[in-house]
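What follows is a short report on a single structure.
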Amino acid sequence: MPDGAAPMTTGPVKPTEIIHVDSRTAACDGGDGALGHPRVFLRIPDTQVMCPYCSRLYVLNPGADHAGGH
């Protein structure tokens, strides 16, 4: 590592926002209109999924959408 460079630390990413949803598919565009990110559709396989662009955490509400969908 070069002198004066800060060491990189990796650890769990903290969500920027937690959004509760009733469907196993969530669309995220980062919010803020043109300052957001490309819209992505996230599949919630278990109980939650985090957006890889903006770190919003989507949490499936208890009892919501237990069907497998297509």
Side-chain angles (χ1 to χ4, degrees):
M1 176 170 18
D3 289 334
M8 290 190 57
T9 59
T10 57
V13 176
K14 293 184 181 179
T16 56
E17 183 177 5
I18 297 174
I19 301 171
H20 294 269
V21 296
D22 291 319
S23 175
R24 289 201 174 271
T25 303
C28 184
D29 63 5
D32 297 329
L35 299 177
H37 60 69
R39 178 175 290 175
V40 292
F41 292 88
L42 306 167
R43 175 93 174 126
I44 303 174
D46 189 26
T47 59
Q48 62 187 26
V49 67
M50 185 174 288
C51 177
Y53 284 100
C54 66
S55 300
R56 283 181 167 175
L57 182 66
Y58 290 86
V59 178
L60 188 64
N61 287 325
D65 197 7
H66 288 291
H70 39 75

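In what follows, every heavy atom counts, from backbone to side chain, and hydrogens, waters and symmetry copies are set aside.
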Next on the checklist: Is there a path of hydrophobic side-chain contacts, each under 4.5 Å between heavy atoms of I/L/V/M/F/W/Y residues, joining Ile18 to Met50?
Outcome noted: yes
Next on the checklist: Would you say Tyr53 ends up clustered with Leu57 if hydrophobic residues are merged whenever their side chains have heavy atoms under 4.5 Å apart, either directly or through other cluster members?
Outcome noted: no
Next on the checklist: Under a 3.5 Å distance rule, please check whether Arg24 uses its side chain to pair with a backbone N or O of Leu42 as donor and acceptor.
Outcome noted: no
Checklist entry - What closest approach, in Å, do Arg56 and Glu17 show between heavy atoms, and which atom pair accounts for it? => result NE-OE1, 3.0 Å
Next on the checklist: If I compare all heavy atoms of Cys54 with all of His37, which pair ends up nearest, and what's the gap?
Outcome noted: SG-NE2, 3.5 Å
Checklist entry - Is the backbone N or O of Val21 less than 3.5 Å from a side-chain atom of Asn61, with the two atoms forming a donor-acceptor pair by type? => result yes
Checklist outcome for this item: To the nearest 0.5 Å, atom NE2 of His20 lies from atom CD of Gln48 at 10.0 Å
Checklist entry - So how far is it from Thr25 OG1 to Ile44 CD1, rounded to the nearest 0.5 Å? => result 7.5 Å
Item to check | Cluster check Tyr58, Leu60: I/L/V/M/F/W/Y, side chain < 4.5 angstrom | outcome: yes
